[in-house]
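Presented below is the structure to which this report refers.
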There are 2 protein chains.
Amino acid sequence: MNKTVVSISLPQLAYDVIIAAGGLSFLGQWLSAGEVPPLTAPRKLLVVSNPTVFQIYGPTLIESLTQAGFEVSTCLLPDGEQYKTLESVQTIYDAALQHRLERRSAMVALGGGVIGDMTGFAAATWLRGIPFVQVPTSLLAMVDASIGGKTGVNHPQGKNLIGAFHQPKLVLIDPQVLETLPVREFRAGMAEVIKYGIIWDQELFAALESAPQLDRYEALSESLLHKILTRSCQAKADVVSQDEKEAGLRAILNYGHTIGHAIESLTGYSRINHGEAVAMGMAAAGWIAEKMDLWKADHHHRQLALIQKTNLPTAIPGDLDDEVVLRLLQTDKKVKSGRVRFILPAAIGRATITDQVSSEIIRQVLQQLKASPAQVQG
Amino acid sequence: MNKTVVSISLPQLAYDVIIAAGGLSFLGQWLSAGEVPPLTAPRKLLVVSNPTVFQIYGPTLIESLTQAGFEVSTCLLPDGEQYKTLESVQTIYDAALQHRLERRSAMVALGGGVIGDMTGFAAATWLRGIPFVQVPTSLLAMVDASIGGKTGVNHPQGKNLIGAFHQPKLVLIDPQVLETLPVREFRAGMAEVIKYGIIWDQELFAALESAPQLDRYEALSESLLHKILTRSCQAKADVVSQDEKEAGLRAILNYGHTIGHAIESLTGYSRINHGEAVAMGMAAAGWIAEKMDLWKADHHHRQLALIQKTNLPTAIPGDLDDEVVLRLLQTDKKVKSGRVRFILPAAIGRATITDQVSSEIIRQVLQQLKASPAQVQG
């Protein structure tokens, strides 16, 4: 088995991200073999998932865990970002109470980012914090949400406004589960992969550029997929290890997310998915950086070309009201004393943070991205 | 002004508990003078309180804060343990959104333990954690809830099951506000004071023993009240500083709380208040320790005498079903692998932790505390 381990090293604790095709069948064994010493059996595990994912991968995971001596119960939540709410977390609390989870019990998140974020938040706040394990089943969750300890739910008026930092004890990434991921969600995950190429890892970016195709799981060789997963996780690990609580550096992970969040929010979190919004946000940030002479036009065009090769959008919806977008940017978590902080590219592989972006430039770029998305290929 | 500062020193951070009669009028000045450097004005503060407390002390506090340059908004929640719910926390989230609290904004809890716990939890989970200040107005909150970073709400089926560790930036204790505290709540706070005497500070215990009266605010001299507050806060600071996340030592703070929680829960959190339940729990723990030969009968009787001098109950309700109590103990957070962990006194000033208490002893003591509470004075 091709098994790579990326280690996340934080001041207070350390944990591993295991990337292994077929690893789903080995989670119980790895936990009980003491790969994650504080989680050895016997103990109670609450597996949280959604019906879609659980139907396909639940039985394999549960069997692996029970075989290893864990006492396993499950909690299924409806599938979709609109269910990433305090109400869903209450359902997890109810299951935790029903199965009498103790402080040494653990939760296991089997699903995409929504399941991972909610399970992490429930684990962070049940009995003031119990351990949890991430088993991400979407590309987005594998390379982003499952690593770094950000957990939480949406407020009716804003994404991820409610949450906590709570690090998992282990992240298990089994690339084979991507086979059943809808193609649109696969592309959404690739948006975050491209992000790492831009802000941190030019070699990853070059590898993506030289791949013949990028827009669906079947088009990727096993080795390229493995590389994408390990380098993306490593990039996130590097950044998070240096700045667990988002005091400084970690903010660069929000590249593409400032305008991206506004677009997601204004389109009701349904028409456009997170990765697509991030792709639009990166395109916007690329334009802003070019207008402010922060990076070369050539790099800007290479970014746009890669986004388009992945079949992700670079144009933003024509019906977005620019002034509403601007107002919404002001309520973003990243606002500091009323000024919007932008993460902008300085080169392929390097990002910078600034609060010097004028509303005028933002307006220009929004107009540009609505009017002529195609010109960027020229 | 008689102003004492007790420092809480934790691995990651430190903060002060200021005990000062009349201090309420100085909070703004102390914050902006940089006594708590990361919280200097200008910044947004959301004061969370309940109508009863806010009507009396809100204006003084708000004036002190606005005079010092802070931008202050308020959020009032209904008064009472039955409102310590996720729904009330959602009301705080809504206010935080409405007033656009940023990461450098802060929340200020003005009220008793319920307000403090909920405000702390909202601050812990808003934008994944913003600063907060505790201004406790009940004796119970002053000597216990406001210090140590435990925040949270109740689950419909259990107290404090949902929560987080989140340390305040400052705790301001103004003893003068106790003047308007109902006498029953004053006594409830004294239960926790007696607890510190038993588990940690025999000098505090002796001071309480030599006071002519203890059962109401007016009966205490200003200097004894100041001593009670500083020594209780110091005791909690000592314990919490050594064990922030309740890995070991901190558990002794739950002295009287194991059976106490069960009694509160079974009586619907209304008939018997927290302090009364703790008094009953301490009486029970004292009996258990005596039966197990863990402490001397003389110490046991001195504890009972002090509880009774404070006009707190040592008898438990006659209608409690012992078997239901025993079952409930099993769902307590302090359960480890199915065994109930008890904090028992070893002497006045010293506690011990054990999971060796048999159900039979618990049954005997429950019977005894129902049948003949008066004999303990003999």
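Throughout, a chain's letter reflects where its sequence line sits, starting with A, and its residues are numbered from 1. Side chains are part of it too, since the values below use all heavy atoms of this structure and drop only hydrogens, waters and symmetry mates.
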Problem - Interface moiety of A:Glu87 toward chain B, non-hydrogen atoms closer than 4.5 Å - result: side chain

Problem - Under 4.5 Å from any heavy atom of chain B - which part of A:Thr151 - result: backbone

Problem - Plane angle bin for B:His155 and A:Trp126 - parallel if under 30°, tilted between 30 and 60°, otherwise perpendicular - result: perpendicular

Problem - Nearest-0.5 Å distance that lies between atom CD in A:Gln157 and atom OH in B:Tyr93 - result: 15.0 Å

Practice task
Calculate, to the nearest 0.5 Å, the distance between atoms CG and CG belonging to A:Asp94 and B:Leu161 respectively.
Solution key: 10.5 Å

Problem - Heavy-atom proximity to chain A below 4.5 Å, by part of B:Ile162 - result: both

